[in-house]
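These numbers were taken from a predicted model, which means no experiment stands behind them. Numbers here simply count residues along the sequence, with the first being 1.
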Amino acid sequence: MARISFIIPYYNKPTDVLLRCLRSIKTQALKDWEVVLVKDGPSHVPDRVIENVFDHSDKVKVIEIEKGGACAARNAGFKESTGDYVVFWDA
């Protein structure tokens, strides 16, 4: 079965919006997936909040880049992804 990588760039999204996005991935039916969250500059959402959604799973990577915009964040996430298929998912 193919592995899916969800790449989620975010910058100053409200915490509740980002959490809804993450929970929707967590509850979907596929079993072999990963999430690559890309902080595009400073964020007010603490890493522990994200880790708690996924119960500290190794399926989640959080990377941080200097503010570069959505395209730079997607490219950085793509480089870190390991999936056979990639989905760009905006919070």
Undergrad: Is any side-chain heavy atom of Tyr10 less than 4.5 Å from a side-chain heavy atom of Leu37?
TA: yes

Undergrad: How many angstroms lie between CG in Leu22 and OG1 in Thr15, if you round to the nearest 0.5 Å?
TA: 10.5 Å

Undergrad: Under 4.5 Å between any side-chain heavy atoms of Lys39 and Val62, yes or no?
TA: yes

Undergrad: I need the minimum non-hydrogen distance between Arg74 and Pro9, along with the two atoms involved.
TA: CG-CG, 4.0 Å

Undergrad: Can you tell if the side chain of Val36 reaches within under 4.5 Å of the side chain of Ile8, non-hydrogen atoms only?
TA: no

Undergrad: Listed by chain and number, what are the side-chain hydrogen bond (donor to acceptor under 3.5 Å, both in side chains) partners of Lys61, not counting sequence neighbours?
TA: none

Undergrad: Starting at NZ of Lys31, measure out to CD1 of Ile4 and round the result to the nearest 0.5 Å.
TA: 14.0 Å

Undergrad: Among residues two or more places apart or on two chains, list those pairs meeting ring-ring contact (aromatic ring centres under 6.0 Å, His included) that have a residue in residues 13-38.
TA: Trp33-Phe54

Undergrad: Please list, chain by chain and in numerical order, all residues satisfying side-chain contact (heavy atoms from CB on, under 4.5 Å) with Asp32, sequence neighbours excluded.
TA: Arg3

Undergrad: Test: side chain to side chain donor-acceptor pair (under 3.5 Å). Region: residues 17-29. Which pairs qualify, not counting sequence neighbours?
TA: Lys26-Asp55

Undergrad: Quick one: are Leu19 and Val53 in side-chain contact, heavy atoms under 4.5 Å?
TA: yes

Undergrad: For Val86, enumerate each residue passing the side-chain contact (heavy atoms from CB on, under 4.5 Å) test, keeping only those at least two apart in sequence or located in another chain.
TA: Ser5, Ile7, Phe78, Ser81, Phe88

Undergrad: Side-chain heavy atoms under 4.5 angstrom apart, residues restricted to Ile, Leu, Val, Met, Phe, Trp, Tyr: same cluster for Phe6 and Tyr85?
TA: yes

Undergrad: If Ile, Leu, Val, Met, Phe, Trp and Tyr residues are connected whenever their side-chain heavy atoms lie under 4.5 Å apart, and connections chain through other members, are Leu18 and Val87 in the same group?
TA: yes

Undergrad: Might you point out which heavy atoms bring Ala76 and Ile65 nearest each other, and give the distance in Å?
TA: CB-CG2, 3.8 Å

Undergrad: Please enumerate all residues that pass salt bridge (charged side-chain N to carboxylate O under 4.0 Å, His left out) together with Lys67, with sequence neighbours excluded.
TA: Asp40

